There are 2 protein chains.
Amino acid sequence: MWLRVDARSSVPMYQQIVDEVKARVAQGLLKPGDRLPSVRELAGMLTINHNTIAKAYQELERQRVIEVVRGRGTFISETGQASDVQARKQTMVDTMRKLVVEAHHLGMNETDLLRLFQRVLAQWREQREGEK
Amino acid sequence: MWLRVDARSSVPMYQQIVDEVKARVAQGLLKPGDRLPSVRELAGMLTINHNTIAKAYQELERQRVIEVVRGRGTFISETGQASDVQARKQTMVDTMRKLVVEAHHLGMNETDLLRLFQRVLAQWREQREGEK
DNA sequence: CGTGTGTACCGGTACATATGGTACACCTTC
DNA sequence: GAAGGTGTACCATATGTACCGGTACACACG
């Protein structure tokens, strides 16, 4: 039903939660207005500390993925509310540049890389359609 | 002439060296057989500890970007020697998936994302041609 | 031998992560 | 008003790991 975290992963648990929520929003599995479990509730489900959940929620709120209403709960934000848009786009460009470098070292040329990216995009679209 | 590192960056100094060397190899500024400065020599240029350089070189060797010959020096490997090709390709795919998610949260659709990627590729090609 | 190479080891510092506990401010509901 | 649920702000603590530096060692070459 809800998400899982791997305590032994090199990716911090709070980061796994952030990534998973963002992915579900992007795929439309979570829609604006949807309510997330409370920090203590989710902490109970995952048997981890509530502070860890709180840290994840704070990061999601910082990115404007969720909105927090004291005393009521946390909810998925309306779309188009992202923060730091310019900086985050620049980060995306930097990531792409590193992809180009890595591709070269793995023996891929620009065409190979572009095709791989298009394949990932196609898979994404399939999954999004399939979930509808 | 040679590279620089920023001690105050959040990216570790050894990682900056790894990234920079890989980028230069990918751009053709460093060719197979080229010799890198010795750990102490480069440490002197950058006024940092030689162990930091050694750590960068070890990571580069692990990825088969360079080859180390005790007592002689370190040299750029022949192309097509990359290690862990499958795992590294999977990492690239994971990175691309996260790009798709992030793009969505920044209000970009698949077409926007693809165009941005193509622009980065074009810039890369320009730079590579310009350096020749 | 001497010199130059990379490397292994140890230690100190700092930071990130996660936990546990307590308390507080806010909202909804009874 | 009272009660209970919400996120939050603390604190202290523990743990693991990243980072960097100093020293000493092993190997290759001449």
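In the text below, chain A, chain B and the rest are named by the order of the sequence lines, each starting its count at 1. Since we're looking at a predicted model, the values are computed, not measured. Heavy atoms only: backbone and side chains are in, while hydrogens, waters and symmetry mates are out.
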Taking N and O atoms by type only, does the side chain of [X] place a donor or acceptor under 3.5 Å from a partner on the base of [N]?
| X | N | value |
| --- | --- | --- |
| A:His50 | D:dT6 | no |
| A:Asn51 | C:dG21 | yes |
| B:Arg40 | C:dG6 | yes |

[X] side-chain proximity, nearest of [options]:
| X | options | answer |
| --- | --- | --- |
| A:Arg70 | D:dG21, C:dA25, C:dG21 | C:dA25 |
| B:Tyr57 | D:dG22, C:dA18, C:dG6 | C:dG6 |
| B:Val68 | D:dT8, C:dA18, C:dG6 | C:dG6 |

Distance check needed: [N] [atom2] versus [X] [atom1], whole Å only.
| X | N | atom1 | atom2 | value |
| --- | --- | --- | --- | --- |
| B:Arg8 | C:dA14 | CZ | P | 18 Å |
| B:Ile53 | C:dT7 | CD1 | P | 13 Å |
| B:Asn49 | C:dC10 | CG | P | 17 Å |
| B:Ile17 | C:dG6 | CD1 | C1' | 15 Å |
| A:Ile66 | D:dT6 | CD1 | C1' | 13 Å |
| A:Arg35 | D:dG5 | CZ | P | 12 Å |
| A:Met13 | D:dG16 | CE | P | 14 Å |
| B:Ile48 | D:dG21 | CD1 | P | 7 Å |

Under 4.0 angstrom between [X] side-chain N/O and [N] OP1 or OP2:
| X | N | result |
| --- | --- | --- |
| A:Lys55 | C:dT17 | yes |
| A:Gln58 | D:dA9 | yes |
| A:Ser38 | D:dG5 | no |
| A:Thr52 | C:dA18 | no |
| A:Tyr14 | C:dT17 | yes |

Lys/Arg-Asp/Glu bridge criterion (N-O < 4.0 Å) met for A:Lys22, A:Asp19: no
Residues B:Glu102 and B:Lys98 bridged, charged N to O under 4.0 Å: no
Qualifying residues under salt bridge (Lys or Arg N to Asp or Glu O under 4.0 Å), relative to A:Arg62, sequence neighbours excluded: A:Glu59, A:Asp84
Residue whose nearest DNA chain C nucleotide is more 5′ - A:Pro12 or A:Arg72: A:Pro12
Linked, directly or transitively: A:Leu113 and B:Val93 (ILVMFWY side chains, under 4.5 Å): yes
Crowding at CZ, A:Arg119 (>12 non-hydrogen neighbours, <6.0 Å): no
Sugar-phosphate, base or nothing in reach of A:Glu61, heavy atoms under 4.0 Å: sugar-phosphate
Minimal non-hydrogen separation, A:Leu36 against A:Tyr57, with atom names: CB-OH, 3.6 Å
